[in-house]
Amino acid sequence: MASPRAPRGMHDTLPEDSELWRFIRDTAERVARLYDYRAIETPIVEDASVFLHTAGDESDIVQKEVYLFEDRGGDRLALRPEGTAAACRAYIEHGMSSRPQPVRLFYFGPFFRYDRPQAGRYRQLHQFGVEAIGTDSPAADAELIDLQLTLYRELGFGDDLVLRINSIGTAETRRNFAKVLEAHFIPHLETLSRDSQRRFETNILRILDSKEDAGHVAVLSAPSILDYLSPEDAEHFEAVKAHLDALGIKYEIDPRIVRGLDYYARTVWEVEPPGAGGQSTIGAGGRYDGLIEVLGGPATPAVGFATGIERIALNMRERGLGPTEESAPDVVTIPLGDRGAAAAAQAAAILRRADISVRNGLPGRSMKAAMRGAGVSGARYALIVGDAEAEAGTVVLKPLRGDEEQRTVAVADLGSLGPSLTDRA
RNA sequence: GUGGGUGUGGCCUAGCGGUUAGGGCGUCAGGUUGUGGCCCUGAAGAUCGGGGGUUCGAAUCCCCUCACCCACCCCA
């Protein structure tokens, strides 16, 4: 019988990968706190309506990408496909509108989308997301972008990442703009790709984003949504740009960035590595001024972004970024004989209390094999404990690097040796 | 959902109709009596993703299927 495997599109994070992951997570949380954002954890499962109503029941997202199930009590639940709606649900549920606004939140965790896996796209994915709920200030948009870029910088990315921003106004703006696009594309419909012809019916804004027709004259000459913004929206966008300029943040304005869902408003942005194609966006954000209301809360403007950890890790590996040192214990014990094994375990306990990491060698191996293991481990010291040492209440401390001589140490003195046995600062 | 590529011990991989299916890494054990990382020797470990066919004979050819990868679609 075939052994079970991890579900399609879902992966194990092995010890050798977890080092990088922990670095990313620690850095993300550190940066978020630098901006005074605080962690929120929401359930991995939500009432299905949290995601279905917000995304719109007819969208592809809901139709095929949400993991839906009924629990034993008959409740309709969904594995969370994203974090923003869940954070908003919590904001409403806990009356956070009566806290000082905006409420600044961040989260880091797994999300689930029933997609066909490919490079940088998985069914279980991890995101770090940051939300500022309860403000329509363009300064908040800029703060989130700044935070996001600071994170990438702290992770070691250079300034070659491309930030593209756009404003998509309100749902009404987009409805009007769709009509303009319709009129623009109708004469060219015949010469556009099949895909674009389909998009003409389903989501005309996405024709602008078509890979196939990227060079098509009709796409190149298409009107820009920026010319159809309301005066207030245009002013807001100008303010966002001014804040970015003040922060010294470079950006490209890309009127082809669109978001289909109604609750999006005004600013949207994406960050991607230069020259990359395919599933390359490593993080995207935007304003969702209508979402809280859709979820049954008070009309509340908000802005946020989320960034994919797998894609960050992918890019970091390509660039050779992240922690380089393999993790190794400070000390490996080499027990010889039964009494030695008992004494070695006791010595290990003393060292650990002094914050020295110790791999306690298990008895039964030849000394040669045990020493070989200690050498391969990368540890700084081997601690040899045989019956003779056990008898005398001592251990032999042998440096594994450098040419320092080994010495015999009283067990009682091990604790005070403390810091001298570790690399750590 | 659509299209393409790949599938040999834990990992990388040779073999492409007749081989005891070979190698490297890793693992484990030895290299004399209590001392390592290199080196040497040995061992365990694959029936070649799964199923069905063609053939005297298949890891090697054909069909189906599954998985992975890549691209499209979509991307909250």
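Atoms considered below: every heavy atom in the structure, side chains included; atoms not considered: hydrogens, waters and symmetry mates. Order of the sequence lines sets the chain letters (A, B, ...), proteins ahead of strands, with each chain counted from 1.
With a 6.0 Å radius and a threshold of 12 heavy atoms from other residues, nucleotides or ligands, A/Arg256 has its CZ atom at or below the threshold. Counted within 6.0 Å of CD on A/Glu405, heavy atoms from surrounding residues, nucleotides or ligands total 12 or fewer; the atom is thus considered open. In the displayed structure, A/Arg198 atom CZ is contacted under 6.0 Å by more than 12 heavy atoms of other residues, nucleotides or ligands. Residue A/Glu16 places its CD atom among more than 12 non-hydrogen atoms of other residues, nucleotides or ligands, all under 6.0 Å distant.
A/Arg194 comes within contact range of no nucleotide atom at all, as no heavy-atom separation falls under 4.0 Å. Within 4.0 Å of A/Gly9, counting heavy atoms only, lie sugar-phosphate atoms of the nucleic acid but no base atom. Residue contacts shown for A/Arg113 include a base, since a base heavy atom lies under 4.0 Å away. As judged by a 4.0 angstrom heavy-atom cut-off over every strand, A/Ala306 is placed among residues making no nucleic acid contact. Among the heavy atoms of the strands lying under 4.0 Å from A/Arg116 is at least one base atom, whether or not backbone atoms are also near. Heavy atoms of A/Tyr264 sit under 4.0 angstrom from primed sugar atoms or phosphate atoms, though from no base atom. Counting any heavy atom pair closer than 4.0 Å across all strands shown, A/Gln127 reaches no nucleic acid atom.
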Check the pair A/Asp195, A/Ser193 against side-chain hydrogen bond (donor to acceptor under 3.5 Å, both in side chains), reporting the backbone distance first and the verdict last.
CA-CA 5 Å; A/Asp195 241 25; A/Ser193 66; 5.6 Å; no
Kindly indicate, with the supporting measurements, whether the criterion side chain to side chain contact (heavy atoms under 4.5 Å, CB included) is fulfilled by A/Phe23 and A/Leu155.
CA-CA 8 Å; A/Phe23 174 70; A/Leu155 288 172; 3.8 Å; yes
Could you walk me through whether A/Thr267 and A/Val303 satisfy the side chain to side chain contact (heavy atoms under 4.5 Å, CB included) test, starting with their C-alpha distance in whole Å, then the side-chain angles of each, then the deciding distance to 0.1 Å, before giving a yes or no?
CA-CA 8 Å; A/Thr267 322; A/Val303 58; 5.7 Å; no
Test side chain to side chain contact (heavy atoms under 4.5 Å, CB included) applied to A/Tyr37 and A/Glu143, step by step:
CA-CA 11 Å; A/Tyr37 284 70; A/Glu143 172 171 292; 2.6 Å; yes
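Side-chain proximity of A/Met367 to the nucleotides B/C70, B/C68, B/U35 is greatest for B/U35. Distances were taken from every side-chain heavy atom of A/Gln406 (C-beta onward) to each of B/C73, B/U35, B/A67; the shortest belongs to B/U35. Side-chain atoms of A/Met371 lie closest to B/U35 of the nucleotides B/U35, B/C68, B/A76.
Salt bridge status for A/Arg80 with A/Glu46: absent, with no side-chain N to carboxylate O gap under 4.0 Å. The existence of a salt bridge linking A/Lys398 and A/Glu404 is excluded, since no basic side-chain nitrogen approaches an acidic carboxylate oxygen closer than 4.0 Å. Salt bridge status for A/Glu270 with A/Arg259: present, with a side-chain N to carboxylate O gap under 4.0 Å.
Atoms CG (A/Leu397) and C1' (B/U35) sit 13 Å apart, rounded to a whole Å. In this structure, CD of A/Glu65 is placed 11 Å from C1' of B/G1, rounded to the nearest angstrom. The separation between A/Arg339 atom CZ and B/G34 atom C1' is 16 Å, rounded to whole Å. The CG atom of A/Leu314 sits 12 Å away from the P atom of B/C69 (whole-angstrom rounding). Counting to the nearest Å, the P atom of B/A76 and the OH atom of A/Tyr122 are 19 Å from each other. Spacing between atom CG of A/Leu336 and atom P of B/U35 amounts to 9 Å, rounded to whole angstrom units. If you measure from atom CZ of A/Arg8 to atom C1' of B/A67, you get 8 Å, rounded to the nearest angstrom. Atom CZ in A/Arg123 sits roughly 18 Å away from atom P in B/C74 (whole-Å rounding).
No donor-acceptor pair closer than 3.5 Å links the side chain of A/Thr281 to the backbone N or O of A/Gly283.
Across B/C74 and B/C61, the matching C1' atoms stand 39 Å from one another, rounded to whole Å. For the C1' atoms, the distance from B/G30 to B/C62 is 50 Å, rounded to whole Å. If you take atom P in B/G18 and the same atom in B/C64, they sit 25 Å apart, rounded to whole Å. Across B/U8 and B/C69, the matching P atoms stand 14 Å from one another, rounded to whole Å. Taking atom P on both B/C16 and B/C73, the two are 40 Å apart, rounded to the nearest angstrom. Atom name P, nucleotides B/G49 and B/A44: the rounded distance is 24 Å, in whole Å. Comparing the same atom, P, in B/C38 and in B/U19 gives a spacing of 38 Å after rounding to whole Å. To the nearest whole angstrom, the two C1' atoms, one in B/G9 and one in B/U47, are 11 Å apart.
Put simply, the side chain of A/Arg89 reaches to within 4.5 Å of the side chain of A/Pro43, judged on heavy atoms.
Phosphate proximity of B/C70 to A/Gln118: absent, as no side-chain N or O sits under 4.0 Å from OP1 or OP2. Contact between the side-chain N/O atoms of A/Lys211 and the OP1/OP2 oxygens of B/C73 is found at a separation under 4.0 Å. Between A/Arg206 and B/C75 there is a side-chain polar atom (N or O) within less than 4.0 angstrom of OP1 or OP2. A sub-4.0 Å separation between OP1 or OP2 of B/C74 and a side-chain N or O of A/Arg199 is present.
In this structure, A/Phe106 and A/Phe128 have tilted ring planes: the angle between them lies in the 30° to 60° band.
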Measure all distances between protein nitrogen or oxygen atoms and nitrogen or oxygen atoms of nucleotides 6-11 of chain B, and list the pairs falling under 3.5 Å.
none

What does the list of N/O pairs under 3.5 Å between the protein and nucleotides 48-51 of chain B look like, with a distance for each?
none

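Under 3.5 Å, the side chain of A/Arg121 and the base of B/C74 form at least one donor-acceptor pair of N or O atoms.
Searching all strands for a Watson-Crick or G-U wobble partner of B/G3 with both distances below 3.5 Å returns B/C70. Checking B/A46 for Watson-Crick or G-U wobble geometry (two distances, each under 3.5 Å) identifies no partner in any strand.
If A/Ala85 and A/Ile384 are placed on RNA chain B by their nearest nucleotide, the residue sitting closer to the 5' end is A/Ile384. The residue among A/Ala374 and A/Pro117 whose nearest nucleotide of RNA chain B lies closer to the 5′ end is A/Ala374.
Relative to the ring axis of A/Phe69, A/Arg76 does not place its NZ or CZ within 45° and under 6.0 Å from the centre.
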Would you give a per-nucleotide map of nucleotides 24-32 of chain B, 5' to 3', where B means the base has a protein non-hydrogen atom under 4.0 Å away, S means only the sugar-phosphate does, and - means neither?
----SSBB-
